[in-house]
Amino acid sequence: MIADVIKPGLEVLFCGINPGLVSEATGHHFARPGNRFWPALHLSGFTPSQFAPAEQEKLLELGLGITNVVARPSARADELTIDEMHQGAIELAEKVERYSPKVLAILGVTVYRAAFNRKKAQVGPQQDTVGGARLWILPNPSGLNAHWQLPALAEEFGRLKAGL
(Lines give C-alpha, C1' and ligand atoms only; values in the text may rest on other atoms or scores of the structure.)
Protein backbone atom coordinates (compact mmCIF):
# COMPACT_ATOMS: atom_id res chain seq x y z
CA MET A 1 0.00 0.00 0.00
CA ILE A 2 1.29 3.47 -0.89
CA ALA A 3 1.27 6.10 1.87
CA ASP A 4 -0.88 9.20 1.59
CA VAL A 5 0.80 12.59 1.33
CA ILE A 6 -1.40 14.33 3.88
CA LYS A 7 -1.55 16.54 6.94
CA PRO A 8 -4.37 18.47 8.63
CA GLY A 9 -5.71 21.65 7.07
CA LEU A 10 -4.48 21.32 3.49
CA GLU A 11 -5.70 23.74 0.84
CA VAL A 12 -6.30 20.90 -1.67
CA LEU A 13 -6.23 17.13 -1.23
CA PHE A 14 -5.85 15.55 -4.68
CA CYS A 15 -7.43 12.12 -4.85
CA GLY A 16 -6.42 9.58 -7.46
CA ILE A 17 -8.44 6.51 -8.33
CA ASN A 18 -5.95 3.94 -7.01
CA PRO A 19 -2.19 3.43 -7.22
CA GLY A 20 -0.78 1.98 -10.39
CA LEU A 21 1.83 -0.73 -10.30
CA VAL A 22 4.72 1.69 -10.86
CA SER A 23 3.50 3.86 -7.99
CA GLU A 24 3.20 0.81 -5.77
CA ALA A 25 6.74 -0.29 -6.68
CA THR A 26 8.28 3.15 -6.07
CA GLY A 27 6.09 4.34 -3.21
CA HIS A 28 5.36 7.57 -5.12
CA HIS A 29 2.02 8.76 -6.43
CA PHE A 30 1.54 9.24 -10.19
CA ALA A 31 4.94 7.64 -10.83
CA ARG A 32 4.22 5.97 -14.17
CA PRO A 33 5.98 7.70 -17.06
CA GLY A 34 3.30 9.30 -19.19
CA ASN A 35 1.07 10.27 -16.28
CA ARG A 36 0.36 13.99 -16.63
CA PHE A 37 -0.40 14.82 -12.97
CA TRP A 38 2.96 16.44 -12.20
CA PRO A 39 3.16 18.48 -15.45
CA ALA A 40 -0.48 19.63 -15.07
CA LEU A 41 0.13 20.61 -11.45
CA HIS A 42 3.05 22.79 -12.49
CA LEU A 43 1.54 24.28 -15.66
CA SER A 44 -1.57 25.30 -13.69
CA GLY A 45 0.49 27.22 -11.15
CA PHE A 46 0.14 24.91 -8.16
CA THR A 47 3.90 24.21 -8.01
CA PRO A 48 6.82 26.55 -8.77
CA SER A 49 8.54 23.87 -10.86
CA GLN A 50 7.60 20.44 -12.17
CA PHE A 51 8.12 18.06 -9.28
CA ALA A 52 9.22 14.50 -9.84
CA PRO A 53 7.13 11.81 -8.13
CA ALA A 54 9.98 11.30 -5.62
CA GLU A 55 9.48 14.93 -4.54
CA GLN A 56 5.83 14.39 -3.55
CA GLU A 57 6.43 15.37 0.10
CA LYS A 58 7.24 18.94 -1.07
CA LEU A 59 3.53 19.31 -1.81
CA LEU A 60 2.78 19.52 1.91
CA GLU A 61 4.77 22.78 2.16
CA LEU A 62 2.44 24.21 -0.51
CA GLY A 63 -0.74 23.12 1.28
CA LEU A 64 -1.34 20.23 -1.11
CA GLY A 65 -1.67 16.48 -0.57
CA ILE A 66 -2.46 13.21 -2.32
CA THR A 67 -4.61 10.21 -1.48
CA ASN A 68 -6.64 7.63 -3.45
CA VAL A 69 -10.24 6.44 -3.53
CA VAL A 70 -9.07 2.80 -3.40
CA ALA A 71 -5.77 1.78 -1.78
CA ARG A 72 -5.30 -1.46 -3.74
CA PRO A 73 -2.86 -1.10 -6.63
CA SER A 74 -3.72 -2.37 -10.09
CA ALA A 75 -2.46 -2.08 -13.64
CA ARG A 76 -5.68 -0.34 -14.71
CA ALA A 77 -8.48 1.37 -12.81
CA ASP A 78 -11.08 -0.76 -14.61
CA GLU A 79 -9.80 -3.73 -12.57
CA LEU A 80 -11.47 -2.27 -9.46
CA THR A 81 -14.86 -3.56 -8.37
CA ILE A 82 -17.84 -1.33 -7.70
CA ASP A 83 -17.81 -2.59 -4.10
CA GLU A 84 -14.19 -1.46 -3.71
CA MET A 85 -15.10 1.97 -5.05
CA HIS A 86 -18.13 2.32 -2.76
CA GLN A 87 -16.08 1.26 0.27
CA GLY A 88 -13.29 3.61 -0.83
CA ALA A 89 -15.76 6.50 -0.99
CA ILE A 90 -16.84 5.84 2.60
CA GLU A 91 -13.22 5.68 3.80
CA LEU A 92 -12.31 8.78 1.80
CA ALA A 93 -15.12 10.79 3.40
CA GLU A 94 -13.88 9.71 6.85
CA LYS A 95 -10.30 10.69 5.96
CA VAL A 96 -11.39 14.09 4.64
CA GLU A 97 -13.40 14.69 7.80
CA ARG A 98 -10.36 13.77 9.92
CA TYR A 99 -7.82 15.93 8.01
CA SER A 100 -10.13 18.82 6.99
CA PRO A 101 -8.72 19.95 3.64
CA LYS A 102 -10.55 22.94 2.17
CA VAL A 103 -11.03 21.21 -1.20
CA LEU A 104 -11.09 17.56 -2.23
CA ALA A 105 -10.11 17.27 -5.89
CA ILE A 106 -11.00 13.84 -7.28
CA LEU A 107 -8.99 12.97 -10.39
CA GLY A 108 -11.46 11.16 -12.60
CA VAL A 109 -15.13 11.86 -13.24
CA THR A 110 -15.87 8.21 -14.04
CA VAL A 111 -14.61 6.95 -10.68
CA TYR A 112 -16.45 9.73 -8.88
CA ARG A 113 -19.70 8.82 -10.62
CA ALA A 114 -19.26 5.14 -9.71
CA ALA A 115 -17.91 5.49 -6.16
CA PHE A 116 -20.37 8.16 -5.04
CA ASN A 117 -23.42 7.17 -7.14
CA ARG A 118 -23.44 10.51 -8.99
CA LYS A 119 -24.22 9.33 -12.51
CA LYS A 120 -24.49 12.79 -14.08
CA ALA A 121 -21.47 14.49 -12.47
CA GLN A 122 -19.24 16.53 -14.77
CA VAL A 123 -15.70 17.84 -14.46
CA GLY A 124 -15.53 21.03 -12.37
CA PRO A 125 -16.85 22.25 -9.02
CA GLN A 126 -19.64 20.19 -7.45
CA GLN A 127 -22.57 21.16 -5.27
CA ASP A 128 -21.86 18.14 -3.05
CA THR A 129 -19.26 18.12 -0.31
CA VAL A 130 -17.27 15.15 0.96
CA GLY A 131 -16.38 14.97 4.63
CA GLY A 132 -17.10 18.70 4.93
CA ALA A 133 -14.71 19.71 2.13
CA ARG A 134 -15.65 21.49 -1.10
CA LEU A 135 -15.54 19.04 -3.97
CA TRP A 136 -13.98 19.55 -7.38
CA ILE A 137 -13.75 16.88 -10.08
CA LEU A 138 -10.69 17.01 -12.33
CA PRO A 139 -9.97 14.84 -15.36
CA ASN A 140 -7.93 11.70 -14.77
CA PRO A 141 -4.30 12.60 -15.67
CA SER A 142 -3.39 9.04 -16.67
CA GLY A 143 -1.78 8.70 -20.07
CA LEU A 144 -4.57 6.22 -20.82
CA ASN A 145 -7.10 9.09 -20.72
CA ALA A 146 -6.77 10.24 -24.34
CA HIS A 147 -9.83 12.51 -24.05
CA TRP A 148 -7.77 15.07 -22.12
CA GLN A 149 -4.42 16.26 -23.45
CA LEU A 150 -1.94 18.10 -21.24
CA PRO A 151 -2.94 21.69 -22.18
CA ALA A 152 -6.60 20.98 -21.38
CA LEU A 153 -5.67 19.18 -18.15
CA ALA A 154 -3.53 22.12 -17.05
CA GLU A 155 -6.37 24.52 -17.88
CA GLU A 156 -8.80 22.49 -15.75
CA PHE A 157 -6.31 22.29 -12.86
CA GLY A 158 -5.92 26.07 -13.28
CA ARG A 159 -9.67 26.57 -12.91
CA LEU A 160 -9.43 24.85 -9.54
CA LYS A 161 -6.44 26.98 -8.52
CA ALA A 162 -8.30 30.15 -9.50
CA GLY A 163 -11.35 29.00 -7.51
CA LEU A 164 -9.49 28.65 -4.21
Side-chain angles (χ1 to χ4, degrees), residues 1-7 10 12-44 46-47 49-96 98-99 101 103-119 121 123 130-131 133 135-157 160:
M1 188 163 86
I2 187 170
D4 289 336
V5 177
I6 196 168
K7 70 178 186 178
L10 294 170
V12 180
L13 180 59
F14 292 97
C15 181
I17 300 168
N18 73 311
L21 299 180
V22 175
S23 289
E24 176 67 11
T26 63
H28 302 112
H29 294 272
F30 306 105
R32 182 180 177 90
N35 190 295
R36 286 107 23 114
F37 175 77
W38 298 105
L41 207 59
H42 171 59
L43 292 171
S44 64
F46 274 107
T47 59
S49 62
Q50 185 175 317
F51 293 174
E55 298 175 294
Q56 65 187 19
E57 295 298 321
K58 291 168 102 179
L59 292 176
L60 295 174
E61 301 165 19
L62 302 173
L64 308 172
I66 306 173
T67 190
N68 288 291
V69 175
V70 175
R72 180 176 70 84
S74 66
R76 296 174 52 101
D78 61 9
E79 296 174 22
L80 301 175
T81 68
I82 193 69
D83 288 341
E84 282 179 297
M85 288 189 271
H86 286 162
Q87 184 59 40
I90 292 166
E91 293 169 8
L92 178 60
E94 292 167 353
K95 186 181 299 182
V96 169
R98 183 167 59 252
Y99 285 97
V103 176
L104 175 66
I106 296 181
L107 300 163
V109 69
T110 303
V111 74
Y112 174 71
R113 289 173 182 160
F116 290 88
N117 288 317
R118 297 287 187 261
K119 306 285 185 240
V123 167
V130 173
L135 179 62
W136 198 291
I137 307 303
L138 290 170
N140 182 344
S142 167
L144 298 175
N145 182 4
H147 298 294
W148 289 84
Q149 296 304 309
L150 182 56
L153 279 171
E155 184 178 327
E156 207 52 50
F157 275 59
L160 167 58

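We count residues from 1, following the sequence as given. FYI, side chains are in, hydrogens and waters are out, and symmetry mates aren't considered; it's all heavy atoms of this structure.
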Exercise. Might you point out which heavy atoms bring L153 and P141 nearest each other, and give the distance in Å?
Key: CD1-CA, 4.1 Å
Quiz item: Is the closest side-chain heavy-atom distance between F116 and L92 below 4.5 Å?
Solution: yes
Quiz item: What distance separates E156 CD from I137 CD1, expressed to the nearest 0.5 Å?
Solution: 11.0 Å
Quiz prompt | Within-4.5 Å side-chain heavy-atom neighbours: T26 and P53 | solution = no
Self-check item: N145 side chain vs N140 backbone, donor-acceptor pair below 3.5 Å
Solution: yes
Practice problem: Please confirm whether the backbone N or O of A3 pairs with a side-chain atom of H29, one donor and one acceptor, at under 3.5 Å? | Solution: yes
Quiz item: Are there more than 12 heavy atoms of other residues, nucleotides or ligands under 6.0 Å from atom CD of Q50?
Solution: yes
Quiz item: More than 12 foreign heavy atoms under 6.0 Å from CZ of R36: is that the case here?
Solution: yes
Quiz item: What pairs with F37 under ring pair (Phe, Tyr, Trp, His ring centres under 6.0 Å), at least two apart in sequence or on another chain?
Solution: F14, F30
Quiz item: Just wondering, do L13 and Y99 contact through their side chains at under 4.5 Å, heavy atoms?
Solution: no
Practice problem: Quick one: do L10 and L60 satisfy side chain to side chain contact (heavy atoms under 4.5 Å, CB included)? Show the steps, please. | Solution: CA-CA 8 Å; L10 294 170; L60 295 174; 4.1 Å; yes
Quiz item: Which atom pair, heavy atoms only, marks the closest approach of L104 to A133?
Solution: N-CB, 4.1 Å
Quiz item: Going through the checks in order, is the side chain to side chain contact (heavy atoms under 4.5 Å, CB included) test met by W38 and T47?
Solution: CA-CA 9 Å; W38 298 105; T47 59; 5.8 Å; no
Quiz prompt | Side-chain touch H86/N117, heavy atoms, less than 4.5 angstrom | solution = yes
Exercise. Answer yes or no: does atom CZ of R76 have more than 12 heavy-atom neighbours from other residues, nucleotides or ligands under 6.0 Å?
Key: no
Quiz item: Is there a donor-acceptor pair closer than 3.5 Å between any side-chain N or O of S142 and the backbone N or O of N35?
Solution: no
Self-check item: Side-chain (S23) to main-chain (A31) donor-acceptor, under 3.5 angstrom
Solution: yes
Exercise. Name all residues meeting the side-chain contact (heavy atoms from CB on, under 4.5 Å) criterion together with E24; count only those two or more places apart in sequence or in a different chain, and write none if there are none.
Key: I2, P73
Quiz item: Do you know the tightest heavy-atom contact between L80 and V70?
Solution: CD2-CG1, 3.9 Å
Quiz prompt | Pairs meeting criterion side chain to side chain donor-acceptor pair (under 3.5 Å) with involvement of residues 51-61, two or more places apart | solution = E55-K58
Self-check item: Nearest atoms (heavy-atom pairs only) where A71 meets M1
Solution: CB-SD, 3.6 Å
Quiz item: Among L135, L138, V69, which one satisfies side chain to side chain contact (heavy atoms under 4.5 Å, CB included) with Y112?
Solution: L135
Self-check item: Stepwise side-chain hydrogen bond (donor to acceptor under 3.5 Å, both in side chains) check, S74 with N18
Solution: CA-CA 7 Å; S74 66; N18 73 311; 2.9 Å; yes
